[in-house]
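For reference, the structure discussed in these notes is given below.
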Amino acid sequence: MLGAVVVIALSGLAAASMSQAQFKRYSFTLWVFVFVAASMFFPAGFGSWLGADLKILIVPLIQVITFGMGTTLSAHDFGRVFTMPWPVFIGMFLQYTIMPFVGFGIATLLQFEPEVAAGIVLIGSVPGGVASNLINYLAGANGALSVTMTAVSTLISPVLTPFWMKVLAGRMIPFGFLKMMLEIINMIIVPIVAGLAANRILYSRKSF
């Protein structure tokens, strides 16, 4: 009962925020809270539907999300590396050093089960995404730098993400570097490239 009340209340708040100009920027965050609350109170509803395991949707949904991210990028976003190389380099260095080690430190300190610990390390080892750009925009920070870092971190993720998983999580669970690299290319790089192509076709006059 409590779960239903919380989900309905958050849904109403999120819907109301969309109709108010001063609160519209918070609607995305509120909808995230809605689905987080729903998954916490009703986990069975996110496990299977009509006997079908919803895990089969993970890869296609990730590909759809990354394709959508690709459509927001252009060659100019990658070329911006040459106009602001040091900020991008520092951002990439921090992202692929501090974050993996923080994930490893949390997993080790709290002594999670091996699978959970490896998942936390993975969270710290993946590239940025559209959500980081959105938070950056809401914070009024450097949006161009955020988008460029997202683009660059995504391109180098097939190497650095498996590397840190092998180094930090390989002692927790069996891990294959090459297997993960190919999976990242399939789930991330291919849809990103397809999204870039779509951006080029649909918005070439604006992006180039």
Side-chain angles (χ1 to χ4, degrees), residues 39 46-47 53-75 77-82 84-136 145-199:
S39 63
F46 295 84
D53 193 337
L54 295 183
K55 287 192 296 186
I56 63 174
L57 298 178
I58 292 177
V59 172
L61 288 176
I62 291 176
Q63 290 174 323
V64 169
I65 292 170
T66 51
F67 173 80
M69 185 173 76
T71 61
T72 68
L73 300 174
S74 70
D77 297 320
F78 295 91
R80 200 180 288 120
V81 174
F82 299 104
M84 53 173 70
W86 279 111
V88 174
F89 173 79
I90 293 171
M92 292 300 95
F93 177 78
L94 296 176
Q95 177 168 347
Y96 281 113
T97 53
I98 291 179
M99 289 178 58
F101 281 106
V102 167
F104 179 74
I106 292 173
T108 303
L109 180 65
L110 299 181
Q111 298 182 339
F112 288 116
E113 294 295 323
E115 294 79 7
V116 176
I120 293 175
V121 174
L122 177 61
I123 292 173
S125 304
V126 296
V130 176
S132 66
N133 298 336
L134 175 63
I135 298 302
N136 185 279
L145 178 60
S146 177
V147 171
T148 300
M149 287 181 57
T150 295
V152 176
S153 66
T154 300
L155 281 185
I156 62 180
S157 64
V159 175
L160 290 183
T161 297
F163 171 78
W164 284 119
M165 287 297 292
K166 181 69 174 179
V167 172
L168 300 178
R171 66 190 71 183
M172 304 172 183
I173 58 172
F175 181 79
F177 181 94
L178 183 60
K179 181 175 182 291
M180 186 175 194
M181 177 185 287
L182 295 176
E183 288 176 346
I184 291 176
I185 291 174
N186 176 49
M187 288 190 294
I188 306 297
I189 302 302
V190 172
I192 284 287
V193 172
L196 283 167
N199 179 294

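Hydrogens, waters and symmetry mates play no part in the numbers below; they use all other heavy atoms, side chains included. This structure is a prediction, so every number in the text was calculated from the model and none was measured.
- Between the CD1 atom in Ile188 and the CZ atom in Phe67 there is a gap of 14.0 Å [rounded to 0.5 Å].
- Distance check: Leu182 CG to Phe177 CZ gives 10.0 Å after rounding to the nearest 0.5 Å.
- A donor-acceptor pair under 3.5 Å is absent between the side-chain atoms of Glu115 and the main chain of Ile173, judged by distance alone.
- In plain terms, the two heavy atoms of Tyr96 and Ser125 that are nearest each other are CE2-O, 3.4 Å.
- Nearest heavy atom pair, residue Gln95 against residue Met99, reads O-CB, 3.2 Å.
- Atom-to-atom distance recorded for Met181:CE and Leu160:CG is 9.5 Å, nearest 0.5 angstrom.
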Is there a side chain to side chain contact (heavy atoms under 4.5 Å, CB included) between Ser153 and Met92 once you walk through the steps? CA-CA 7 Å; Ser153 66; Met92 292 300 95; 3.6 Å; yes
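- Pairing each heavy atom of Leu168 with each of Phe101, the nearest pair is CD2-CE2, 3.9 Å.
- Checked against side chain to side chain contact (heavy atoms under 4.5 Å, CB included), Pro87 has the following partners two or more places apart in sequence or in another chain: Met84, Leu145.
- The minimum heavy-atom distance linking Ile120 with Gly103 is given by the pair CG2-O, 3.4 Å.
- Annotation: side chain to side chain contact (heavy atoms under 4.5 Å, CB included) contacts of Phe89 (sequence neighbours excluded): Trp86.
- Here the CZ-CG distance, from Phe175 to Leu122, works out to 8.5 Å after rounding to the nearest 0.5 Å.
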Audit row: Met172, Val121, side chain to side chain contact (heavy atoms under 4.5 Å, CB included) steps and yes/no: CA-CA 10 Å; Met172 304 172 183; Val121 174; 4.2 Å; yes
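- A distance-only check finds no donor-acceptor pair linking the side chain of Thr161 to the backbone of Pro158 [under 3.5 Å].
- Atom CH2 of residue Trp164 and atom OG1 of residue Thr97 lie 7.0 Å apart, to the nearest 0.5 angstrom.
- Atom OG in Ser157 sits 4.5 Å away from atom CD1 in Ile189 (nearest 0.5 Å).
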